[in-house]
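Take a look at the structure set out below.
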2 protein chains.
Amino acid sequence: MVEAATGETLEAENRVYARIFDGVMDRRLTPGTKLPERELCELFSASRSLVRRVLQRLAHDHIVDLRPNRGAIVATPTPEETRQIFEARRAIEGALVRLAAQHATEADIADLRQQLHDEHEAMHGSDQPAWARLASTFHLRVARLARNDILETYLKEIVSRCSLIVALYEPRGNAACEHDEHASIVSCLEEGNGAEAARLMEAHLVELEKHICLRQLDARPSLKERLGL
Amino acid sequence: MVEAATGETLEAENRVYARIFDGVMDRRLTPGTKLPERELCELFSASRSLVRRVLQRLAHDHIVDLRPNRGAIVATPTPEETRQIFEARRAIEGALVRLAAQHATEADIADLRQQLHDEHEAMHGSDQPAWARLASTFHLRVARLARNDILETYLKEIVSRCSLIVALYEPRGNAACEHDEHASIVSCLEEGNGAEAARLMEAHLVELEKHICLRQLDARPSLKERLGL
DNA sequence: CTACACAAGATCGTCAACAATCTGGCATAG
DNA sequence: CTATGCCAGATTGTTGACGATCTTGTGTAG
C-alpha cells in the first residue's frame with residue numbers, strides 16, 4: 001500500500017510521537033540530543049511533513065526545543081523551570097489523588113497493588129530502566145483513577161518533563177520513587193482518605209525534588225561538568 | 001519587503017493565533033463556527049502553511065476541533081468535558097491564588113485594585129463584552145502573580161475553554177463573575193492569607209459552575225433548542 | 001601560530017501544484 | 001412524490017522542489 005485513508009497517517013503520527021516520547025521517558029533520549037528531520041524520516045519511513053508535525057507537537061508539550069533554522073533538540077529544563085515544574089506537579093498531582101480517592105474501586109486498588117509488585121521486582125532485579133519507567137507509570141495510573149482527562153494530560157506532560165530533569169541532574173538515574181511511599185498512598189486510596197493521600201503524595205514529591213535539588217548545586221547543566229573539568 | 005527573517009513569520013503566526021484566540025474569548029467566535037483555511041489565508045494575508053500551523057496549535061489547546069478532511073470548527077465542549085474543566089480549574093486556580101498570596105507585592109495589589117475599578121465601571125456602563133473580558137482578565141492577572149508559568153499557561157487554556165462553555169450554555173453571556181467576590185479575594189491576597197484566598201476562589205468558581213449547570217439542564221447544545229422546537 | 005574571512009555542505013522554512021476526500025445538487029428509477 | 005445513485009464543485013491533505021539560514025572546514029593574512 002502506498003497510502004491509505006487519512007486515519008492511517010494520524011495513526012502513524014501518533015506512533016512516531018509515542019516512540020520519541022517513550023525514548024525520553026526511558027532516558028535513552030537525553031536533553032540536548034539533536035533530532036534532525038532527515039534522520040527521523042528515514043528511521044520511521046515517514047514523510048517530512050509528518051515528522052515536522054510531530055516535532056511541533058513535542059515542542060508544544062515542552063519535550064523538545066525548536067530552534068528556528070537550527071533544528072530540534074530534546075529540551076533541557078533550566079533550574080528555574082525545574083522549580084516551577086515540581087511546584088506545579090505538587091498542585092496537580094495533589095488534586096488528582098484527592099479525586100482518585102473518591103473514584104477508586106476495589107478493582108482499581110488491586111491493579112495498583114499488582115503495579116506495586118512489579119515495581120518491587122524490578123527494583124530487586126536491578127533492571128533499573130524498567131524500574132524508573134514503572135515508577136512513572138505508577139503515578140500515571142493513579143492519575144487515571146481521578147477520571148479527569150484534563151488534569152491527567154497535564155500530569156503526563158509534567159511527568160515527562162521530570163524525566164528530562166532526572167536525566168539532567170541525576171546522571172545515574174537513581175532518583176526513582178521509594179516503593180514504600182507508593183504503598184502508603186495506595187493504602188490511603190483504599191480507605192478513601194483523599195486528604196491523607198494528597199498529603200503523602202505531596203511529601204513524596206518534595207522528597208523527590210530534594211533528591212534532585214541537592215545534586216543541582218554541584219551538577220550544572222553546562223558542559224564544564226560534562227567534560228570533567 | 002517580500003519576506004524577512006524567520007522571526008517575522010513566527011510573529012505573524014502568533015498574531016493570527018492571538019486574533020482567533022481573542023475572538024473566542026470575546027465570544028464573537030462561538031462554538032461550531034467553521035474556520036476555512038482559504039478564508040483565513042485571505043483575511044490575514046497569510047500563507048496556507050502558516051494558517052495550518054495555527055489551527056493545529058489551536059486544536060492542541062482544545063480551542064478548535066480539527067475534523068479530518070472536513071475542516072476546523074470552534075470547539076463545542078460536551079457536558080462531561082464541562083464538568084472536568086471546572087474541576088480542573090478549581091484545582092489549578094486554587095493552587096495559583098495560594099502562590100499568588102505568597103508573592104504579591106503592594107504594587108501588584110494596587111494593579112489588581114485598578115483592574116477591579118475598570119471591572120466595576122464596565123459593569124455599570126453596560127458594556128457587557130468588555131465586562132466579560134475584564135472578568136477573565138482578572139483571573140489571569142492573579143495567576144501571573146503566582147510566578148509559575150506552567151500553571152499560568154494551564155489556567156489560560158482552561159479559561160479559554162470556559163469562555164466556550166459560557167457561549168454554549170449561557171446565551172446572554174451574563175454568567176460573568178461577581179465583582180464583590182473578586183474584591184474579597186484581592187483583600188485576602190493583600191493580607192497574604194493564601195488559604196482563605198484559595199477557599200474564596202474555589203467557592204467563586206463553584207458559583208460560576210452552578211450558574212451554568214442550571215442552564216445546562218434545559219439548554220442542550222443540540223440543534224432542537226437552537227431551532228426553538 | 002593565531003585570528004579572521006570565506007565558501008561548501010547540510011539543514012530547515014516556504015511555497016505551489018497535485019491528489020484525495022467530502023458536500024450538495026441533479027437526474028433517474030421506483 | 002420519494003428515495004437512491006451519481007457527478008461537479010469546493011475544501012482539505014500531501015508531496016516535492018526551491019530558497020534561506022546556519023554550521024563547519026579551509027585558506028590566508030597578520
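Keep in mind the model is a prediction, meaning the values are calculated, not measured. In the text below, chain A, chain B and the rest are named by the order of the sequence lines, each starting its count at 1.
Rounded to a whole Å, the CZ atom of B:Arg52 is 14 Å from the P atom of C:dC15. Here the P atom of nucleotide D:dT14 and the CG atom of A:Leu10 are 9 Å apart, to the nearest Å. Atom-to-atom, CG of A:Leu50 to P of D:dT14 comes out at 8 Å; the value is rounded to the nearest Å. In this entry the distance linking CD1 of B:Ile73 with C1' of C:dC22 reads 15 Å, nearest Å. Atom CD in B:Glu13 sits about 12 Å away from atom P in C:dC15, given to the nearest Å. Rounded to an integer number of Å, the gap from B:Leu66 CG to D:dT11 C1' is 13 Å.
Checking A:Ser49 against A:Arg70, the closest nucleotide of DNA chain D that is more toward the 5' end is the one next to A:Ser49.
A:Asn14 meets the side chain to side chain contact (heavy atoms under 4.5 Å, CB included) test with A:Leu10, A:Arg57; sequence neighbours excluded. Residues that satisfy the ring-ring contact (aromatic ring centres under 6.0 Å, His included) test with B:His60, not counting sequence neighbours, are A:His60. In this structure, the side-chain hydrogen bond (donor to acceptor under 3.5 Å, both in side chains) partners of B:Glu119, at least two apart in sequence or on a different chain, are B:His182. Residues passing the side-chain hydrogen bond (donor to acceptor under 3.5 Å, both in side chains) test with B:Arg28: none are found, sequence neighbours excluded. B:Ser45 pairs by the side-chain hydrogen bond (donor to acceptor under 3.5 Å, both in side chains) definition with nothing, not counting sequence neighbours. A:Glu152 meets the side-chain hydrogen bond (donor to acceptor under 3.5 Å, both in side chains) test with A:Arg144; sequence neighbours excluded.
Within residues 54-63 of chain B, no residue is approached by DNA chain D to less than 4.0 Å at the level of any non-hydrogen atom. Interface residues of residues 36-48 of chain A facing DNA chain D, ordered by number: A:Ser47, A:Arg48; criterion, heavy-atom separation under 4.0 Å.
Proximity of B:Thr9 to the phosphate of C:dG13: no side-chain N or O atom is located under 4.0 Å from OP1 or OP2.
Side-chain atoms of B:Asn69 lie closest to C:dT21 of the nucleotides C:dT21, D:dT14, D:dT21.
Side chains of B:Asp61 and B:Tyr17: a donor on one and an acceptor on the other come within 3.5 Å.
Only one option out of B:Ile63, B:Val24, B:Ile85 pairs with B:Arg161 in a side-chain contact (heavy atoms from CB on, under 4.5 Å); it is B:Ile85.
Identified under the salt bridge (Lys or Arg N to Asp or Glu O under 4.0 Å) test for residues 38-50 of chain A, with sequence neighbours left out: A:Glu37-A:Arg48.
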